[in-house]
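Have a look at the structure below, then the notes.
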Amino acid sequence: MKNLILTLIMLVLISCGTDQGEGTYYEYTIINNSGKNIKINSYRNSYPKRDTPTTIDLQYGDELTKSFKDDLPPRGYDFAVFFQGDSIIINYNNERKKILTFPTENDRNPFFYTGTDVTFTFTQQDYENAEPCNGNCD
Amino acid sequence: MKNLKKFKLLLLCPILIGLLIISCEKDDYFIDEQNNVNSEINDKSLQSKNEKFKGAKKLKNPYSVKNMNKALENIKKNLKEKKIKTKGTSASRLEQTINDLEFNTTYYYVKFTPQNTEEESLIKNDDDLHVFDYPLDYEFSDTYLDNRTPDNDSIPEYYTAVPVGKILPSGVASEIIENLYIPEEDPFFDTYEISSEPEAMTRQGEIGNNEDLLRHLLMEAFTLTGNEKELMPEGDTTNSWWIFGSKWYPSGKLKIWDDNAGSSTTTTQTFSHWEYYNCDTGEIVPAPDELLPYVKVENARIDPIDDNICQRAVYIYSTSTVQGKYVPLEGAQVLMRQWFTIRQGITDSNGNFNTGSVRGKARYVIQWERYHYSIRNGSLFQAETRGPKVKDEPWNKNIKGGDDEYHGMIHSAAHTYYYGNRFGLTSPPRNAFFKRQMKIAARESAPWGIPSSFSHLRSELTFGLSAQIHIKAYGRSSDNVYGTTIHELAHAAHWEVDSSSYNNLVRDSFLSGSSEVKNRNRRLLETWPTTVEIMLTVDRYRNKFSLTDYEYGNSDGFDLRNFQRKTVASENHYTSCGWDMLDNFNQGASIYSGGYGSSYPFDRVSGYTIKQLEDALVGARYWNEWRDNIKNDYSNPTSIYLDELFGNWTD
């Protein structure tokens, strides 16, 4: 009898298939502490390539959080999904700009980071390290 | 005390079995119940006395033997009273033949009531039986059929017409609902025994051959049962009843929208303004009360506004390009049903289909089913896309959106895995004697978080109530629905390759007390179907649709690049390892060497075939056993890196 119960418990546990388990929950945040309002234009170089930018405007001091509850089979989440592109241009108030792409080994590039709970802060140092663009910044 | 304990255990058994049954079904009930309330209100006028099919309209059956003989008697009577006459050189012999006629049962209208999956599979094993999970003598609205609530957790009843003498599936409870005479299926009417001079057009009140007789008979039988409107093409007002009986051959072309198969450009015409000109000379003139831009257009509408000034509309044409396009729907089963006459057609690689002939109006139905698999709308009922009821009209259908597209994309994946190019891989379990048709439940929601899954155990323990495969990818892009279906079918095929090792993997993946054991088993369990998922989906888009840059996992805003852009830390089970042995890209190399960096799996293995990887599953009961089988069974110069590749993911 014990074996029967054990078997049934086992079967209940696995009865809904082989892909059991909770999909991972992701939360990604960007914070603008650069001292400037920023505009982020993202482009996609991987298939399907996209040349028209998707834009995020982030005022100085503001932050933007996106969360994603994955399912099974999993799809994962990272900053390429967050920005909807693997190449971004950070426009610091039409004064300076910085191009950041995937892949990277630069820890001042959001694409450098992966994980389930990630926050990336654009700092004043990032602004200062960006290139002057004299209004031609997108 | 011991007895009490035993009693508790006994009590637990039915609870656990109950849990098994409801755990995977209840979510769909909830939705169906919600929708059903609306459909019942909308279809109140159709309610029949039969509580079982409340909301549907019971029709009088023109094909009952009783009705057909009554129709024949009316013809005989009209012949006697000279309201109908025979004609031609053999008129008197013809009249005698008709007077001697009597119809016997040639078909049975049958209901099957399978009690379990085994019995249901016996029905599905018969390739000649085209069954419907709703009665054929009712008129159902699409809303009704799409929102049915499963009846007492039971397997559906199936309805069809079978010729007298056909051996029915042994052991399956069946009931003859009515004896039928279907003249269209009677060879007597296909030959011109009575007259050798068939006429193309039958005239009312004149019978010159057996084709004339058939048309008079059908007209009489349908009129007696109040179904005569079914005999005419839609919108026909000529009252030319006699074209009804003519044969026609249903055909058509089916396409399905695929979000990832390329792009489509559409041109939209929008009104801009009126242009005014001299009616006689064509000279452009100012508008009566304001000066409009002079834009010359061709084929514009011309409307005189007075004797001298004409006006025409000027349109602006704008084009827009959207991601996705219609592609041929291959391998779909189209059934043409006119009452009890059912014809089947299968779409070819261009989406074209043809069926055998029917007479009168008939309805096009895509039944999302082939011999080896059946797609369920939710959990229990056969998924269908119902087309128009027409006569002499082809059905050219572009399927886009909603559950029709969802079912169509699941079908496309299943069709590829069962009937298409699968690179020599083992088929998922096939329908055969002593085997079952694969049931794939297309779920649109699962509020308890039930994911896409394959489980033969679930199906067996619920006596077939629960499908072996559940797909939960509604609303996702086409390639993801396709890939998810392939993934779950690959689980089923893995079980077919080596059921013992597969069951061992499943057991240890979920029930082992050690997380290390769980991980190393689950990783193999999920990595294999992930490999097939990538392989077959990439093949569809790169080779079938010539999208050479296509990468799987890049739709809906994601960017997985054939799962190469999954870091080691982010994924321990659904890994890219299988694909890594097929491709020649090392995502773990530094970015200066063209890789993505050290967070990604280091992969110096390449050149294996997917068939080799599948064959190596035999006897593989955990992660490294698969690796060792690959290493030992095949000669490959990169095999020296197998330990390194498999070692990316730790237990």
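Letters A, B, ... mirror the listed sequences (proteins, then strands); counts begin at 1. Small disclaimer: the values here were computed from a predicted structure and weren't measured. For the numbers below, each heavy atom of this structure counts, side chains included, while hydrogens, waters and symmetry mates do not.
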Is chain A contacted by the side chain of B:Ser590, its backbone, both, or neither, given a heavy-atom distance below 4.5 Å? both
Flag if over 12 foreign heavy atoms under 6.0 Å of CZ, B:Arg476: yes
Is the gap between the ring centers of A:Phe68 and B:Phe558 under 6.0 Å? yes
Between B:Gly595 and A:Pro103, which heavy-atom pair has the shortest distance, and what is it? O-CG, 3.6 Å
What are the two closest heavy atoms between B:Asp549 and A:Tyr47, and how far apart are they? O-CB, 3.3 Å
Tell me whether A:Glu131 at atom CD has more than 12 heavy atoms from other residues, nucleotides or ligands lying less than 6.0 Å away. no
So for B:Thr567, is it side chain, backbone, both, or neither that comes closer than 4.5 Å to the heavy atoms of chain A? side chain
Atom group of B:Ile591 that falls short of 4.5 Å from chain A, counting heavy atoms: both
Give me the contact list for residues 105-116 of chain A versus chain B, heavy atoms only, anything under 4.5 Å, ordered by residue number. A:Glu105, A:Thr114
Looking only at non-hydrogen atoms, find the nearest pair between A:Pro74 and B:Glu571 and report the distance. CG-OE1, 3.2 Å
Top contributor to chain A contacts, counting heavy-atom pairs under 4.5 Å, from B:Asn480, B:Leu505, B:Thr530, B:Thr484: B:Asn480
Under 4.5 Å from any heavy atom of chain B, what part of A:Thr54 do you find: side chain, backbone, both or neither? neither
Looking at A:Pro48 and B:Asn554, what are the two nearest heavy atoms and their distance? CD-O, 3.8 Å
Minimum-distance pair of heavy atoms, taken over all atoms of B:Asp559 and A:Asp86: OD2-CB, 3.9 Å
So does A:Asn136 have more than 12 non-hydrogen atoms from other groups sitting under 6.0 Å from CG? no
Please report the shortest heavy-atom distance between B:Arg522 and A:Leu72, naming the atom on each side. NH2-CD1, 4.3 Å
So what's closer than 4.5 Å to chain B heavy atoms on A:Arg50: side chain, backbone, both or neither? neither
So, B:Arg565 and A:Asp78, do they make that salt bridge, N to O below 4.0 Å? yes
